[in-house]
Amino acid sequence: MAKVLLKDLTKRFDDVVAVNNVNDVIEDQQFVVLVGPSGCGKTTTLRMIAGLEEVTEGEIYIGDRLVNDVPPKDRDIAMVFQNYALYPHMDVYNNMAFGLKLRRTPKAEIEKRVTDAARILHIEDLLKRKPKQLSGGQRQRVALGRAIVRDPKVFLMDEPLSNLDAKLRVQMRTEIAKLHQRLKATIVYVTHDQTEAMTMADKIIIMKDGLVQQTGKPQEVYDHPKNMFVAGFIGSPAMNFVDVTVTDKLTLKNHQFEIDTPQKIKDIIKSNNLEGKDIVMGIRPEDLEDSAFVEDSNDRNTLTAIVEVTEPMGAEIYVYVDINGVLMTARVTPKSMLKSGDSAKLFMDIEMIHLFDKETEKAYI
C-alpha cells in the first residue's frame with residue numbers, strides 16, 4: 001500500500017474552479033472520506049487522483065512518485081464506481097479476472113486471487129452468474145472483488161453505496177469497514193452521506209465549493225466544527241442555530257430567552273472580546289431533552305416551546321418546536337409524551353453550546 005499526497009491541487013473547468021488549492025496527506029493504510037454536498041469538488045478530486053481528470057495546478061504523489069502525467073492504468077490504483085461498471089456479457093468470475101488477464105497474469109495466479117476475493121466477500125456461489133442475475137448488493141460486492149484482485153496501492157471509491165436501499169447500505173458500510181481492516185488498505189472514499197463519513201472513516205475531509213472546510217477524525221470534527229457549514233453538515237438532525245447577543249453579564253440573550261453561560265463559555269467570550277456583540281449560538285438536537293426526564297433541570301437551562309411536529313424513531317423522538325418564532329429540533333427520550341400543539345419545557349445542556357461569528361461563520365469554540 002502507499003500514502004497519497006495532494007499538494008496545492010486545483011482543477012478549473014473554464015472559469016469555474018471546481019477544486020481550489022487542496023492540500024492533504026492520506027497516510028498508508030488510512031481510510032479517508034471526502035464528504036460534502038453535490039458540486040463541492042469531492043468526486044473531481046478523486047478523479048484527479050485516479051488520473052481520469054487532468055490537474056490544472058498542483059501535484060499528486062502516490063507513494064513517492066509524482067503521478068500527474070502517469071496514465072490511470074499505471075498508477076497502481078483500483079476504482080469502485082457508483083454504477084458498478086460490470087461487463088454484462090461476462091460472468092462474475094471473468095468480470096473479476098478481466099483486469100488481471102489484460103496484465104497477462106498467470107492463469108493459476110488469477111484463479112487464486114479471484115477465489116480468495118470471492119471468499120472474503122462471500123460471493124463464491126455467484127462466480128458463474130451474469131450481472132443481470134445479481135441484486136444491487138451482490139453487484140457491489142463483485143465490483144469490490146474486481147478491485148481487490150488487483151492488489152493495488154490505493155483503492156478509490158466514488159459513492160459506491162448510493163444505489164443501494166437503506167438497509168443494504170448499512171450492511172455494506174460494515175462490510176467495507178471490515179474489508180479495510182482485513183486488507184490494511186489505503187482507501188479514499190467519496191460520499192455526500194455524512195453518516196457514511198462518520199461511521200467508516202479514520203479521517204474525513206469536508207468540502208464546500210471546491211474548498212476544504214475542515215479535516216480531522218470524525219468525532220473531533222463533530223465535537224469541534226470550525227465553522228457553521230461543518231457544524232450544520234455533520235450530524236443528523238442538523239445543529240440548531242440561533243442569533244443571540246452577548247450581554248454585559250456575559251450571558252447570551254435572544255428576544256425570547258436568556259442563557260446564563262457556564263464559566264468555560266464566559267472565558268471564551270472574554271478572550272474573544274464578544275461582550276455586546278451579536279453572534280450565533282449552536283446547539284445540537286441531542287443536547288435538548290424533555291425536561292420532565294432531567295433531574296437537575298431548572299429555569300436557567302430550560303426553554304419553553306410549542307411542539308409543532310414529532311417524529312418517533314424508536315430509540316428516540318425528534319421533536320420540532322417553535323420558541324416564539326425560533327425554530328429548533330430536539331432529540332428526546334422515547335418515553336416522552338410530547339405531541340403536536342403541546343407546550344414543552346426543554347432542558348438545554350449549556351455546557352455543549354457552540355458560538356460562531358455572525359459575519360465569518362467561524363467558530364469561537
Side-chain angles (χ1 to χ4, degrees), residues 194 198 206 208 213-214 216 218-291 293-294 296-309 316-333 336 338 343-365:
Q194 54 92 18
M198 289 292 293
I206 304 165
K208 177 191 177 190
Q213 301 294 306
Q214 188 168 350
Q219 196 62 45
E220 290 175 357
V221 171
Y222 185 84
D223 291 338
H224 305 288
K226 287 187 175 180
N227 58 43
M228 287 177 63
F229 172 77
V230 174
F233 188 80
I234 299 295
S236 181
M239 182 182 286
N240 299 293
F241 297 112
V242 183
D243 291 338
V244 294
T245 301
V246 182
T247 74
D248 57 359
K249 297 178 182 178
L250 303 187
T251 62
L252 302 178
K253 190 171 184 179
N254 179 273
H255 63 290
Q256 305 303 341
F257 52 81
E258 187 169 16
I259 301 167
D260 185 6
T261 58
Q263 188 58 49
K264 75 168 188 177
I265 305 297
K266 285 182 167 62
D267 292 342
I268 290 166
I269 289 172
K270 286 180 180 178
S271 64
N272 288 280
N273 299 313
L274 298 180
E275 185 179 335
K277 290 187 177 180
D278 294 331
I279 61 173
V280 178
M281 178 191 78
I283 182 80
R284 292 203 180 276
E286 61 265 33
D287 297 319
L288 291 170
E289 178 59 278
D290 185 342
S291 63
F293 296 89
V294 180
D296 60 349
S297 178
N298 55 55
D299 290 341
R300 175 174 169 267
N301 53 20
T302 301
L303 305 176
T304 301
I306 299 298
V307 177
E308 291 199 328
V309 178
E316 60 198 2
I317 302 173
Y318 297 167
V319 181
Y320 300 90
V321 301
D322 184 334
I323 308 173
N324 291 330
V326 178
L327 303 178
M328 301 179 79
T329 306
R331 285 172 62 177
V332 306
T333 175
S336 174
L338 293 174
S343 177
K345 288 189 176 295
L346 297 177
F347 167 81
M348 180 167 58
D349 188 347
I350 54 178
E351 296 283 345
M352 301 302 293
I353 63 175
H354 299 258
L355 302 181
F356 302 93
D357 185 278
K358 198 167 183 177
E359 298 300 323
T360 66
E361 297 191 353
K362 291 183 178 179
Y364 294 114
I365 303 177

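Since this is a predicted model, take the numbers as computed values, not measurements.
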Atom [atom1] of [X] and atom [atom2] of [Y]: how far apart are they, to the nearest 0.5 Å?
X      : Y      : atom1 : atom2 : value
Ile317 : Leu338 : CD1   : CG    : 7.5 Å
His224 : Gln219 : NE2   : CD    : 9.0 Å
Glu258 : Thr251 : CD    : OG1   : 4.0 Å
Met348 : Ile353 : CE    : CD1   : 6.5 Å
Arg331 : Glu289 : CZ    : CD    : 10.5 Å
Gln213 : Lys208 : CD    : NZ    : 6.0 Å

Give the minimum heavy-atom separation between Val332 and Ser336, together with the two atoms involved. CG2-CB, 3.8 Å

Crowded around Met352 CE? As in, over 12 foreign heavy atoms under 6.0 Å?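 Count not over threshold, so no.
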
Is it the case that more than 12 heavy atoms not belonging to Lys266 sit under 6.0 Å from its NZ atom? yes

Residues 229-243, side-chain donor-acceptor partners within the protein, below 3.5 Å, at least two apart:
from, atom 1, to, atom 2, distance (Å)
Asn240, OD1, Thr329, N, 2.7
Asn240, ND2, Ile283, O, 3.1
Asn240, ND2, Thr329, O, 2.9

For Leu250, is there any backbone N or O sitting under 3.5 Å from a side-chain donor or acceptor partner on Thr261?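 Checking the backbone N and O of Leu250 against the side chain of Thr261, a donor-acceptor pair under 3.5 Å is found.
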
May I ask you to decide if Asn324's main-chain N or O and Gln256's side chain share a donor-acceptor pair within less than 3.5 Å?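 Yes, Gln256 side chain to Asn324 backbone: donor-acceptor pair under 3.5 Å.
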
Would you call [X] and [Y] a side-chain contact if the rule is heavy atoms closer than 4.5 Å?
X      : Y      : answer
Asp260 : Ile350 : no
Val221 : Pro218 : no
Asn301 : Val294 : no
Lys264 : Glu351 : yes
Asn254 : Met281 : no

Check the pair Leu252 / Val246 against side-chain contact (heavy atoms from CB on, under 4.5 Å), numbers first and verdict last. CA-CA 5 Å; Leu252 302 178; Val246 182; 4.0 Å; yes

Kindly list each side-chain donor-acceptor pair under 3.5 angstrom involving residues 358-365, sequence neighbours excluded, with atom names and distances?
from, atom 1, to, atom 2, distance (Å)
Thr360, OG1, Asp357, OD1, 3.3
Thr360, OG1, Lys362, N, 3.3
Tyr364, OH, Asp357, OD2, 2.8

Among side-chain atoms of Gln214 and Asn227, is any donor-acceptor pair under 3.5 angstrom? no

Enumerate the side-chain hydrogen bond (donor to acceptor under 3.5 Å, both in side chains) contacts for residues 269-279, please, sequence neighbours excluded, ordered by first and then second residue.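 Qualifying pairs: Thr245-Asp278.
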
Among Leu346, Val319, Val321, Asp322, find the residue that satisfies the side-chain contact (heavy atoms from CB on, under 4.5 Å) test when tested with Met328. Val321

